[in-house]
Amino acid sequence: VQLQASGGGLVQPGGSLKLSCAASGRTFSLYNMAWFRQAPGKEREFVAGTRSGDTNTYYADSVKGRFTVSGDNAKYTVYLQMDSLKPEDTAVYFCAARARRIVLSSLRMAHVYDYWGQGTQVTVSS
């Protein structure tokens with residue numbers, strides 16, 4: 001599986017951006033997908049994720065109510081809609097995927113994911 005993230009850019013506080021993660025592979029819909037981000041000098045942190053067969057989407061508390069994950073299986077693409085952006089959302093955003101079953105307690109752990117996109121920079125600044 002190859003992942004291609006895009007859609008980052010510079011936006012003012014309160015603005016919106018929509019990130020895309022395009023994946024190769026016909027079994028895309030069977031993958032567990034997640035978004036992570038990494039700010040300079042900080043560890044990579046979980047933003048949002050979904051599990052194959054689970055209708056829920058899980059979000060970090062810091063983005064809950066502002067970010068929304070959606071997907072288009074026909075296009076093998078996952079999206080991260082980011083609204084009400086704050087300067088603290090500034091980071092490189094990565095999409096990640098795992099083909100094997102993932103337990104809920106591991107969903108937020110970066111090391112369990114097998115495939116990663118190259119990252120896209122999001123800068124929130126006035």
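These numbers were taken from a predicted model, which means no experiment stands behind them. All heavy atoms count here, side chains included; hydrogens, waters and symmetry mates do not. Sequential numbering from 1 along the given sequence is applied to the chain's residues.
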Test log, rule side chain to side chain contact (heavy atoms under 4.5 Å, CB included), inputs Phe67 and Val47: CA-CA 9 Å; Phe67 290 12; Val47 175; 3.7 Å; yes
CA sep, side-chain torsions, deciding dist, call: Phe46, Leu107, side chain to side chain contact (heavy atoms under 4.5 Å, CB included): CA-CA 9 Å; Phe46 173 82; Leu107 183 73; 4.2 Å; yes
Any donor-acceptor N/O pair, Asn73 side chain to Tyr76 backbone, under 3.5 Å: no
Cluster check Trp35, Met109: I/L/V/M/F/W/Y, side chain < 4.5 angstrom: no
Side-chain (Arg98) to main-chain (Val112) donor-acceptor, under 3.5 angstrom: yes
Rounded distance [0.5 Å steps], OG1 in Thr77 versus CE in Met33: 9.0 Å
Residues which pass salt bridge (Lys or Arg N to Asp or Glu O under 4.0 Å) with Arg100, listed by chain and number, not counting sequence neighbours: Asp114
Salt bridge (Lys or Arg N to Asp or Glu O under 4.0 Å) partners for Arg51, two or more places apart: Asp54
Pair listing, side chain to side chain donor-acceptor pair (under 3.5 Å) test, anchored in residues 2-11, at least two apart: none
Identify every side-chain donor-acceptor pair in residues 11-21 under 3.5 Å, counting partners at least two apart or on other chains, and give the distances.
{"residue": "Ser16", "atom": "OG", "partner": "Asp83", "partner atom": "OD1", "Å": "2.7"}

Residue pairs involving residues 117-126 (criterion salt bridge (charged side-chain N to carboxylate O under 4.0 Å, His left out); sequence neighbours excluded): none
Ring pair (Phe, Tyr, Trp, His ring centres under 6.0 Å) pairs, two or more places apart, involving residues 103-126: Phe36-Tyr113, Phe36-Trp116
Intermediate values then yes/no, side chain to side chain contact (heavy atoms under 4.5 Å, CB included), Val122 and Met82: CA-CA 10 Å; Val122 172; Met82 305 186 296; 3.8 Å; yes
Interatomic distance, Tyr79 atom OH to Thr68 atom OG1 [nearest 0.5 angstrom]: 14.5 Å
Check against side chain to side chain contact (heavy atoms under 4.5 Å, CB included), Arg44 and Arg37: CA-CA 6 Å; Arg44 192 167 297 190; Arg37 66 185 181 186; over 6 Å; no
Main-chain N/O of Val124 paired with Thr90 side-chain donor or acceptor, under 3.5 Å: yes
Residue list, salt bridge (Lys or Arg N to Asp or Glu O under 4.0 Å) with Lys64, at least two apart or on another chain: Asp61
Side chain to side chain donor-acceptor pair (under 3.5 Å): pairs with one or both residues in residues 117-126, sequence neighbours excluded: Gln121-Thr123
Donor-acceptor under 3.5 Å (Tyr59 side chain, Val69 main chain): yes
Pairing residues for Phe94 by the ring pair (Phe, Tyr, Trp, His ring centres under 6.0 Å) criterion, not counting sequence neighbours: none
Arg66: partners by salt bridge (Lys or Arg N to Asp or Glu O under 4.0 Å), with sequence neighbours left out: Asp89
Residue pair Ala5 / Cys95: nearest heavy atoms and the distance that separates them: CB-SG, 4.1 Å
Sequence neighbours excluded - disulfide bond (SG atoms under 2.5 Å apart) pairs with any residue from residues 33-85: none
Glu88, CD atom: more than 12 neighbouring heavy atoms under 6.0 Å: yes
